[in-house]
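Okay, structure first, notes after.
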Number of protein chains: 2
Amino acid sequence: MRHRLKDVAERAGVSVKTVSNVVNGYVHVRPDTRARVEEAIAELNYRPNLSARHLRKGRTGVIALAVPELDIPYFAELARYVVNAAAAYGWTVLIDQTGGRREQERVVASGITDHLIDGLIFSPLALTAEDLAGLDGTPMVLLGERVEHGPADRVVIDNVTAAREITAHLIRLGHRRIAAIGSQRTDEGASARLRLAGYTDALRAAGLDYDETLVAPAAAWHRADGAAAMQGLLTSGVRPDAVFCFNDTLALGALRALHEAGLRVPEDVAVVGFDDIEDGRFSIPTLSTVAPDKEKIAQLAVELLANRLDGDRTAPAREVSAPYRLEIRESTGAR
Amino acid sequence: MRHRLKDVAERAGVSVKTVSNVVNGYVHVRPDTRARVEEAIAELNYRPNLSARHLRKGRTGVIALAVPELDIPYFAELARYVVNAAAAYGWTVLIDQTGGRREQERVVASGITDHLIDGLIFSPLALTAEDLAGLDGTPMVLLGERVEHGPADRVVIDNVTAAREITAHLIRLGHRRIAAIGSQRTDEGASARLRLAGYTDALRAAGLDYDETLVAPAAAWHRADGAAAMQGLLTSGVRPDAVFCFNDTLALGALRALHEAGLRVPEDVAVVGFDDIEDGRFSIPTLSTVAPDKEKIAQLAVELLANRLDGDRTAPAREVSAPYRLEIRESTGAR
DNA sequence: CATCGTTTCTACAACGTTGTAGGCAACGTT
DNA sequence: AACGTTGCCTACAACGTTGTAGAAACGATG
C-alpha cells in the first residue's frame, strides 16, 4: 500500500537518490527529470517515512510539550499557542501529560520519548534541579519558576512584580483586609512562593500588616480547591474585603463559594486571579486578573528551542522574560 | 552521549542480538547472561531508539489524537482521558490541533503524520466521508457524528435522544417558549443537526409549536458566540422562558448575556447546556447539562484502535455508543 | 555411543532514508 | 586538442533495530 522512494524511482526511471533529492529540494536536478519524479510521486501518493528519515538525519520535526494537566485551562490555552508557534517552524507537537507527579516528570525529562523528539518544552510542577542535572540528551526549554537554576533555557514572567501590582490595585481601591488563596507548604509551587512574596511586598509598601489567618493554602489549583479555601476562610470567621487568588481557577472557585455564602462580588468582597483564562472573561462577575502574554511565552519557548537545536547545544542556559498586563474587570468593581 | 545496543553488547561481552533479546524479554537467555546485560544497560543508561525500532517493526507505540481546538474545555478534558486510556496500553499520545479547518483535517487524516504513528483518534468538524474514502494507511477511530458512513470505526453518543431528554426536562418544569442556540446552516455540524432534531422531537411530543424565531445559529461554539446569540434573541424581542444551548460553552456565554440583560437564571429564564465541562459545575448559577461519559468515550476509542491494530485491518467498521446522563443543577432550578 | 531435541547464542540481512564519493557529459577556457 | 569546471546523476554505506537462519553446547533418550 505504502510506497517508498524505490517505488517512485522505478516508476520515474531514475535512482533512489534522485527522488530523494527532488523531495528535499536539491538544486541540481534537470527540470524534466524533476517533473517526471514529481509526477511519479503524485501518482503513487508517496510520503516520506519519518522514522527512516529520523534514523538517518537525527531529526524528527517533532517536539514535545509536557504540562501537568491538559484540562487546566491555562495549560490548554498555552498548548494551543505552542502548537501554532511550532507550526511556523514546520514542527509537530507531541503533548505529554505528567499529572504533576515527580516520577512521571522525571520519566518525561530523562526521555522515554527522547529518541522520537528533537526537543522538549516543559512546565514542571514537582521536578527539582537535581532531577535535571544529570541529563544528557534532548534540548529542553523550561516554563515557569519551578526549577530556578537548572541547566536549561527558561521562559518566565516576573511573578513577584505582577503579584505586587495586582495586590496594589486592590489596596488602591480601598481594600484593607486582603486574603490570599493558593499558598503551598511543600517545596513544590515556586509560583506560589513568588506570588505570595509579591503579595506581602504590596502589603508592606502600603503599611498594612501581614495577617497569617488571611492566607489560605490550596493543595492543587483547581476550582474545587479555590471554593474550599474560600469556604474555609469564611467559616473560620475571618472576613476579608478582597481576595487575591494565585490563579484564575482558584478565583472562579472562590467566586462560587462567595456566591453560596450570599456575599456579593465586588460590593462585599473583591476578587482577583492570575492567568487570564477565557472563563474569567465570561464569568459572573468577570474576573480581574494578571494576564501573562501566553502567545509570547509560547513563541519565546519555541524560539529558544530552535536556537538550541540549530546552534550551540553547550552554550550557557538563557532565561527570557515574557510580558504581562493587568486586566481589570467586574470582580474589582469595573463595569 | 547516547548509547546503542552495540555499546551495551560490547560492555556485556555478548552479541547485539542478545541484548535486543534481553530488552524485549525473550525467554531463552541464561540468567547470568541476562544479569550481565541488564547491568550494562543500567550503567550506560541505555534506551532504545524508537525510530529505529519503528523502522524495523512497523510500530511506534505512539497514537495521535486530533481535535479541533485544545482550549475548548470539552476537548481538553477528553484529551486527558485519552492520554490516560492510552497509557494502559503503553502508548504515548501525540495531540494534533486541526482548528476545524477541512484542509488541515485532511492533512492529518491522510497522514502527514502517518509514518510516525500507529493509529489515529480523530474528532472531525469539517471533514467529509469522501475525504476519508480514499485513505490507505493508518487505522483510525472517529469521534462523533460528523462522518456518518465513513470507512472507520466510530464512538458516538445518542445525540438525538440526549437532546430530546434535556429539552423534555425543560418542558416538564413548565417552560413553553424554549429557545435553542447553536444551530448551523452549513453542512458542518452534524452534532448541531442531531441536537436540533432532538429538540424538535421533544417539542412535538409535548404538543408545542416549533418557532423558528427561537432558534439561533452560532458559527462556532465558543462562549462569545453563545453570548452574541443570546443577545440577538433578546434584542430581537423574542422572550424565551428557557434556552437549550448545544454545548456548555455556548451556555456559559448565554448566562453572561442574560446576566447583562438583567434577567435572572433560572427564575426568569432556565438554561441548559451539553458536554458537562468543569466550568459548568462552578458557574453562577451552576449549569444543567447533558453529561456524556468522556472517560468511557476515551476508553472505547482506544480499545477500538487497539483491536484494529492487533486484529483484522480490513474488517468492517464498527460503531459503539457511549452512555450519558442528565446533570440537573441550578440553571434549571435545582438547588 | 549415536542420535535427537532443546537451550542459548550469534551472524546476517533488512526496514526507508540521506550523506559521501564519484562518474559522465557538456561547456568554456587555455 | 587538452584541460578544468559545472551540472546532473548514481552506487554505496550507514543510521539502530529486530526477524530469520543456523551454529554450538548440553542433556536426554534409545
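Naming: A, B, ... by sequence-line order, numbering from 1 per chain.
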In whole Å, I'd like the distance from the CZ atom of B:R34 to the P atom of C:dT7. 14 Å

Does this structure show an ion pair linking B:R80 with A:D71, if we count only N-O contacts that are shorter than 4.0 Å? yes

Looking at the side chain of A:K17, which of D:dT18, D:dC9, C:dT18 is the nearest nucleotide? C:dT18

Which atoms form the tightest heavy-atom contact between A:L143 and A:P124, and what is the distance? O-CD, 3.7 Å

Could you tell me whether the side chain of B:Q97 and the main chain of A:V83 form a donor-acceptor pair under 3.5 Å? no

Nearest nucleotide by nearest heavy atom, which residue falls closer to the 5' end of DNA chain C, B:A52 or B:T18? B:T18

Contacts of B:N21 and B:K57 projected onto DNA chain C by closest heavy atom; the upstream (5') one is B:N21

Nearest of D:dC9, D:dT10, C:dT17 to any side-chain atom of A:L5? C:dT17

Hey, can you tell me if A:W91 and A:Y89 have their rings parallel, tilted or perpendicular (30° and 60° cut-offs)? parallel

Quick one: label A:V14 by what it contacts on the DNA or RNA (base, sugar-phosphate, nothing), any heavy atom closer than 4.0 Å. sugar-phosphate

Rounded distance in Å - NZ (A:K6) to P (D:dC12): 14 Å

Name the closest nucleotide to the B:L55 side chain, picking from C:dT18, C:dT17, D:dG16. D:dG16

Grab the OH-P distance between A:Y46 and C:dT18 for me, whole Å please. 6 Å

Distance, rounded to the nearest Å, where A:R30 contributes CZ and C:dA25 contributes P: 13 Å

Nearest-Å distance for atom pair CD/P, residues A:E10 and D:dA11: 12 Å

Criterion side chain to side chain contact (heavy atoms under 4.5 Å, CB included) against A:H3, the qualifying member of A:L44, A:I41, A:N49: A:L44

Out of C:dT17, D:dT17, D:dC8, whichever nucleotide has its closest atom nearest the side chain of B:N49: D:dT17

d(CZ, A:R56; P, D:dG16) in whole Å: 10 Å

Nucleotide nearest A:T33 (side chain, heavy atoms from C-beta), chosen from C:dG16, C:dA11, D:dC9: D:dC9

Rounded to whole angstroms, how far apart are NE2 on B:H54 and C1' on C:dT17? 13 Å

Base-pairing mate for C:dT30 - Watson-Crick or G-U, with both contacts under 3.5 Å: D:dA1

With a 4.0 Å limit, can you tell me whether A:R53 has a side-chain N or O closer than that to the phosphate oxygens OP1/OP2 of C:dT18? yes

Value in whole Å for how far the C1' atom of C:dT18 lies from OH of A:Y26: 13 Å

Which one, D:dT18, C:dT10, D:dC8, comes nearest to the side chain of B:S20? D:dT18

